Participant: 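Take this structure first; my questions come after.
Note that the structure is predicted; figures quoted are calculated from it, not measured.
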Amino acid sequence: MKSMMVFDWSTRNKKSAEGQRRPFGHLLNISIYCCVVVGILLYQSSNVSVTVAASYSCISALVCTTIAFANKDGGRSWLFWFTFIYFVFFQLGTVIAAVLLVYDDTLLNYATNFSNYLSTDSIAKSYIASGLCIALIWTLSALFYRKRVGAVTNLGFDLNLYKVAYFLLVFTFPPVLVDLVDQFRLVSSYGYSFFYTSSFQDRESIVPAMGIIRTLNTLGFYMFFAAMPDRRRFSWGAGFFLLVAVLDSMKGARSALIVPLCFITWHAITYYGLKVRIGRGAVLLSLALGFLIFMSIARSDSGSDTFMLTRFFTIGLSKAQYTLAVVLENYNHIEVKSIFALEPVIFPIKYMLYGGDLVGQSESTAILRQDLNHTFSSQLNFGAYLSGAGIGSNFVAEALQFGPVYMPVFLTIWWVSIRFFFKYSKNYRTIFFIQPIVFIHLISSPRASIFPSTWPIIKLLSLFLVVKVIIWFLSKLPKHNRLFG
């Protein structure tokens, strides 16, 4: 019978007898199941205080995060990265507020374009739901966990694919650089809030056909990773990838650097055996944190540096928690016509039916785009929605759409799908090509939808297959006419 342990602690010590468990490991595994039970009881209870709910959420997330860091697979596990980012987006702000002694029940109780001040019940429910969700995910990891067997990947180096990727990256980098510098200039001139307006989103780039060029640039990077180059080639490609991410993030989009950095680290650990030492990891984390602080202060229009630091470490790190509370507060007043989690998956079908009416944020998109972001944003503040603003989506809110009883159903489908994908994609280059898309969405999903949009996957995968066919055709030419051997 398969063990129901979330983490097999006997694997941490090779000298331990088979089946032996450390007491601390038992305590963590028992704790995670207790978090599920307590979360269910709290969610069904009435008049739970915000402090109690926040304490439960933070304890549940800290237990799961501790297990994630202690797991022997470490950075090779996609669940490790998901759990870490989940904790940052939902609970870290509350934990820091408690440590700094600035926490109170009103931490998430502030007004925005899409919500007035929230009720204590909605805030408490949001804390309980976020703690219960991550506990359920780790319970599923106990049910579906299997030890890693065999090689990490059976794919070798594809020189022809590497050549095409190299050409695309060299060809597209100059115009991409010009466009990113122009974006930075506009945001610097009009302020960070201009980044979210329709004037910025709908603007014409100073570089002709920039949309096509950016698509080819992305295609080049994903083909580069799919080619599985050696460590030397991978190093320059990874550095190039992060350079573009740094330039993209300079306009104030902090996730534009953090998410690619997480992907590169995971990819290097998983497929190139990168060892992240504690000292080196602390330095990289400090640099990333310093960059986040700098961008948070730089993009602020007002307020002292001390105020901005406090706000960044508390409210700024609780945006996903706040969005969840807004959804719970207003759900009964919103007209819902879809299953939010499935909307990104079926978007290509809608696009074939409605075309350009689904692009941007307009009266037509408010009606046709029925995901969580468009549904709530358009109905809570239509004027702000038309100007380009929105509440975004939320992993827990989508999983909780039909109540806590159905949350395990959504999470089971999600877990099995992600597990299946990463298990088999490593052996098939065509599927391996879309690993970056899936992983980047996965670690962004706490503040996004449960499932990634299939539209960019279909578009990039189609281009990739076209390239593969061209490479195959050229390889069949007489040797003296070949571009690819």
Side-chain angles (χ1 to χ4, degrees), residues 73-78 80-81 148 150-177 180 213-214 216-249 256-288 291 422 425-440 443 460 463-464 467-468 470-472 474-475 482-485:
D73 284 337
R76 295 174 64 183
S77 169
W78 59 265
F80 166 88
W81 294 97
R148 188 187 299 275
V152 173
T153 178
N154 296 324
L155 300 177
F157 175 44
D158 189 327
L159 179 60
N160 292 333
L161 199 61
Y162 174 82
K163 290 178 180 179
V164 177
Y166 185 90
F167 170 78
L168 289 176
L169 293 177
V170 172
F171 172 76
T172 59
F173 179 72
V176 167
L177 176 61
L180 292 176
I213 293 174
R214 287 302 294 263
L216 293 177
N217 182 259
T218 303
L219 177 68
F221 276 119
Y222 292 171
M223 287 174 59
F224 171 84
F225 297 124
M228 284 300 293
D230 56 41
R231 287 192 178 190
R232 182 180 60 83
R233 291 187 175 99
F234 172 77
S235 296
W236 79 258
F240 199 43
F241 185 72
L242 292 178
L243 174 61
V244 174
V246 170
L247 295 173
D248 192 22
S249 66
L257 172 61
I258 301 304
V259 171
L261 180 60
C262 289
F263 165 72
I264 287 294
T265 306
W266 168 78
H267 191 85
I269 292 174
T270 303
Y271 298 109
Y272 293 91
L274 175 68
K275 302 295 183 182
V276 181
R277 298 180 178 87
I278 295 178
R280 184 187 300 173
V283 171
L284 291 175
L285 184 61
S286 299
L287 290 174
F291 177 81
F422 281 105
S425 63
K426 63 186 181 182
N427 297 323
Y428 303 94
R429 201 178 301 272
T430 300
I431 307 177
F432 188 75
F433 166 79
I434 65 174
Q435 261 201 13
I437 306 176
V438 176
F439 183 86
I440 287 173
I443 61 175
L460 289 170
L463 292 173
F464 176 76
V467 171
K468 291 285 289 183
I470 293 175
I471 291 175
W472 176 85
L474 293 178
S475 67
R482 287 185 187 177
L483 290 177
F484 302 100

Participant: Leu247 versus Val176: any side-chain heavy-atom pair under 4.5 Å?
Facilitator: no
Participant: With the side chain counted from C-beta on, respond yes when Arg429 and Leu161 share a heavy-atom pair under 4.5 Å apart, and no when they do not.
Facilitator: yes
Participant: Would you check if Phe263 and Ile437 make a side-chain contact, meaning some heavy-atom pair closer than 4.5 Å?
Facilitator: no
Participant: Tell me every residue that passes salt bridge (Lys or Arg N to Asp or Glu O under 4.0 Å) with Arg231, counting only those two or more places apart in sequence or in another chain.
Facilitator: none
Participant: With heavy-atom distances below 4.5 Å as the criterion, would you say the side chains of Gln435 and Trp78 are in contact?
Facilitator: no
Participant: Taking it one step at a time, do Val244 and Phe221 satisfy side-chain contact (heavy atoms from CB on, under 4.5 Å)?
Facilitator: CA-CA 11 Å; Val244 174; Phe221 276 119; 4.1 Å; yes
Participant: Say you draw a straight line from CZ of Phe167 to OG1 of Thr172; how long is it, rounded to the nearest 0.5 Å?
Facilitator: 9.5 Å
Participant: Under the criterion side-chain contact (heavy atoms from CB on, under 4.5 Å), I'd like the reasoning laid out for Leu460 against Phe464: C-alpha separation, chi angles, the key distance, then a yes or no.
Facilitator: CA-CA 6 Å; Leu460 289 170; Phe464 176 76; over 6 Å; no
Participant: Please confirm whether Phe241 and Trp236 have ring centers closer than 6.0 angstrom.
Facilitator: no
Participant: Do other residues, nucleotides or ligands put more than 12 heavy atoms under 6.0 Å from Tyr428 OH?
Facilitator: no
Participant: So which heavy atom on Phe432 is nearest to which on Lys426, and how close?
Facilitator: CD1-CA, 3.8 Å
Participant: Can you name the closest pair of heavy atoms from Thr430 and Phe433 and give their distance?
Facilitator: O-CB, 3.4 Å
Participant: Anything under 30° is parallel, anything over 60° is perpendicular, the rest tilted; go ahead and classify Phe240 against Phe173.
Facilitator: tilted
Participant: Are Asp158 and Lys468 ion-paired here, with the side-chain N under 4.0 Å from a carboxylate O?
Facilitator: yes
Participant: Minimum heavy-atom separation for Met223 to Val164, with atom names?
Facilitator: CE-CG1, 3.4 Å
Participant: Does Trp266 form a ring pair (Phe, Tyr, Trp, His ring centres under 6.0 Å) with Phe439? I'd like the steps, not just the answer.
Facilitator: CA-CA 9 Å; Trp266 168 78; Phe439 183 86; 4.3 Å; yes
Participant: Where is the tightest heavy-atom contact between Leu242 and Leu257, given as atom of each residue plus distance?
Facilitator: O-CD1, 4.5 Å
Participant: Do the rings of Tyr166 and Tyr162 sit parallel, tilted or perpendicular, given the 30° and 60° boundaries?
Facilitator: tilted
Participant: For Trp81 and Arg76: C-alpha separation, side-chain torsions, deciding distance, then whether side-chain contact (heavy atoms from CB on, under 4.5 Å) applies.
Facilitator: CA-CA 9 Å; Trp81 294 97; Arg76 295 174 64 183; over 6 Å; no
Participant: Please find the pair of heavy atoms, one from Leu169 and one from Gly220, that lie closest to each other, and give the distance.
Facilitator: CD2-C, 3.8 Å
Participant: For residues Phe224 and Phe234, report the shortest heavy-atom separation together with the two atoms involved.
Facilitator: CZ-CA, 3.7 Å
Participant: As a quick check of understanding, evaluate side-chain contact (heavy atoms from CB on, under 4.5 Å) for Asn217 and Leu168, giving each step before the final call.
Facilitator: CA-CA 6 Å; Asn217 182 259; Leu168 289 176; over 6 Å; no
Participant: Rounded at 0.5 Å granularity, tell me how far CG in Leu463 sits from CG in Leu216.
Facilitator: 7.0 Å
Participant: Tell me, yes or no, whether the heavy-atom count around Trp472 atom CH2, taken from other residues, nucleotides or ligands under 6.0 Å, exceeds 12.
Facilitator: no
Participant: Say you draw a straight line from CD1 of Ile470 to CG of Leu474; how long is it, rounded to the nearest 0.5 Å?
Facilitator: 7.0 Å
